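Each remark here refers to the structure printed beneath this line.
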Amino acid sequence: MSGERTEGREPFVRIIKRDGAPLRSKVLVRAGAILLALIINAVFIFAVTGLNPLAVYGVMFQGTFANGIRFSWAMRDLVTLLCIGIALAPAFKMRFWNIGAEGQVLAGGLATALVMVVCGNTLPTPVLFLVMFVTSLLAGAVWGFIPAFFRARWGTNETLFTLMMNYVAASIVACAVNILRGDASSLGKLNMGTQAGWFPAFLGQRYNINILVVAALTVIMFLYLKYSKHGYEISVVGESENTARYAGINVRWVRIRTMLISGAVCGLAGFLIVAGRDQTISTNTAGGQGFTAIIVAWLAKFNTFYMALISFLLVFLSRGAAEIASAYSLNDYASDIITGVILFCILGSEFFINFKMIFRGKSQKEVK
């Protein structure tokens, strides 16, 4: 009898998926998550370092907003992260887990660098930039096409495949860098004497052109995903492959086409980094932002305008953490903990936006 009563007892808490939280609730939950993170970090800062948490937060703020130069540097980092996040949006919306953005960026950056070195002194500047642009798109698209083709043809796991492609791309770049630099101890800037293939200065900085390009790309990708036929097909395939097939959509082709686009935009990011920001190529050209961009795309629910806001938040946290480490002579681990707590709380808030908990004795109507 007791066993039957135990089996029939209502669980203490049940978790069910929400039909859709209103915008006001989403804003309040995320604001509450950030506030909770600030409180946890304040306790950590005072307990471990003895510093005034408010002073530390003030220093973090200065990392981005202390002056115009620091703000422009933040914008430079933001557009790189945002561009890669935009590239991942169509693939992730299709539920194709492209973890290979790092490799696709490196492929595009290497193609750009090779054209700069080989053709920098022979092609007119407009033609040189056009060739750099096209080759970077093609290189990134090829690096995205390979895992998509294997998934479509043989059903391989795209997560592992794209992840391994990162290491292949890094090895190819390392080999190419060794060839390009010859006997020099480091590669340095490409075409330092002629500056062939370097973006011209615009409003005082070369990377301002990157900002314009990514701003236009943000609008284009938003319209593509939301209003185009291709965007509709991506959404249907992401929701249900069986439904897509029933509707007459060629799922294999949509996968390949979408990964060609995703890889090409990552290649574009490599082009912007090499020609518009660093003027060099190395295995650290992507700087780990291919993985950070996954957070950007996922939190924004593939809305490119939301991606811009989340990218700014992540860049702000990164630069603020570096400023804290410098101002208070803290090691990188302490500042990274502060950033990690904020990110953890923001990511955790998504659970309360998408799900709700019903405690024992309460009906669903009472918790709405």
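All heavy atoms count here, side chains included; hydrogens, waters and symmetry mates do not. Positions are given from 1 along the sequence. For clarity, every value in this text was computed on a predicted model and none was experimentally measured.
- At most 12 non-hydrogen atoms from other residues, nucleotides or ligands lie less than 6.0 angstrom from OH of Tyr306.
- When the ring-ring contact (aromatic ring centres under 6.0 Å, His included) test is applied to Tyr167, no partner is found at least two apart in sequence or on another chain.
- Closest approach of Asn166 and Gly103 over heavy atoms only: OD1-N, 2.8 Å.
- Of the charged side-chain nitrogens involved, none lies within less than 4.0 Å of a carboxylate oxygen, so that Arg255 and Glu158 do not count as a salt-bridged pair.
- Under the salt bridge (Lys or Arg N to Asp or Glu O under 4.0 Å) criterion, Arg257 pairs with Glu233, sequence neighbours left out.
- We find that Glu323 and Arg319 are not joined by a salt bridge, their nearest charged nitrogen and carboxylate oxygen being 4.0 Å or further apart.
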Next item on the list: Show your working on side chain to side chain donor-acceptor pair (under 3.5 Å) between Arg277 and Gln205 and close with a plain yes or no.
Entry: CA-CA 9 Å; Arg277 194 187 76 181; Gln205 298 291 346; over 6 Å; no
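- In this structure, OG in Ser72 is found 11.5 Å from CG in Leu203, a value given to the nearest 0.5 Å.
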With a 3.5 Å cut-off and sequence neighbours excluded, list the donor-acceptor pairs that the side chains of residues 130-145 form with protein atoms.
unit_1: Thr135; atom_1: OG1; unit_2: Val131; atom_2: O; d: 2.7
unit_1: Thr135; atom_1: OG1; unit_2: Met132; atom_2: O; d: 3.1
unit_1: Ser136; atom_1: OG; unit_2: Met132; atom_2: O; d: 3.2
unit_1: Ser136; atom_1: OG; unit_2: Phe133; atom_2: O; d: 2.7
unit_1: Trp143; atom_1: NE1; unit_2: Met165; atom_2: O; d: 3.1

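- Dense packing is recorded around CZ of Phe305, with more than 12 heavy atoms of other residues, nucleotides or ligands lying under 6.0 Å away.
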Next item on the list: Take Phe199 and Phe129, measure what ring-ring contact (aromatic ring centres under 6.0 Å, His included) needs, and give me the verdict at the end.
Entry: CA-CA 9 Å; Phe199 279 4; Phe129 280 122; 5.7 Å; yes
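- By the side chain to side chain donor-acceptor pair (under 3.5 Å) test, Asn208 pairs with no residue at all, sequence neighbours left out.
- Contact of the Phe44 side chain with the Val341 side chain is not registered, since no non-hydrogen atoms from C-beta on lie closer than 4.5 Å.
- Residues Lys26 and Glu350 are not paired through a salt bridge, judged by the lack of any N-O separation under 4.0 Å between the basic side chain and the carboxylate.
- The shortest side-chain heavy-atom distance between Ile209 and Pro200 falls under the 4.5 Å cut-off.
- Atom NZ of Lys226 has 12 or fewer heavy atoms from other residues, nucleotides or ligands within 6.0 Å.
- Between Ile342 and Phe316 there is no side-chain heavy-atom pair separated by less than 4.5 Å.
- Every ring-ring contact (aromatic ring centres under 6.0 Å, His included) that Phe161 has, sequence neighbours left out, goes to Phe150.
- No side-chain N or O of Thr80 forms a donor-acceptor pair with one of Tyr207 less than 3.5 Å apart.
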Counting only pairs under 3.5 Å, give me each side-chain donor-acceptor contact of residues 81-98, with atom names and distances, residues two or more places apart or in other chains.
unit_1: Lys93; atom_1: NZ; unit_2: Ser235; atom_2: OG; d: 3.4
unit_1: Asn98; atom_1: OD1; unit_2: Gly100; atom_2: N; d: 3.0
unit_1: Asn98; atom_1: OD1; unit_2: Gln104; atom_2: NE2; d: 3.1
unit_1: Asn98; atom_1: ND2; unit_2: Gln104; atom_2: OE1; d: 3.2
unit_1: Asn98; atom_1: ND2; unit_2: Ser262; atom_2: OG; d: 3.2

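- For CZ of Phe344, the number of neighbouring non-hydrogen atoms (other residues, nucleotides, ligands) closer than 6.0 Å is 12 at most.
- One N or O on the side chain of Thr122 and one on the backbone of Cys119 form a donor-acceptor pair closer than 3.5 Å.
- Transitive grouping of hydrophobic side chains (ILVMFWY, heavy atoms separated by less than 4.5 Å) brings Ile281 and Leu272 into a common cluster.
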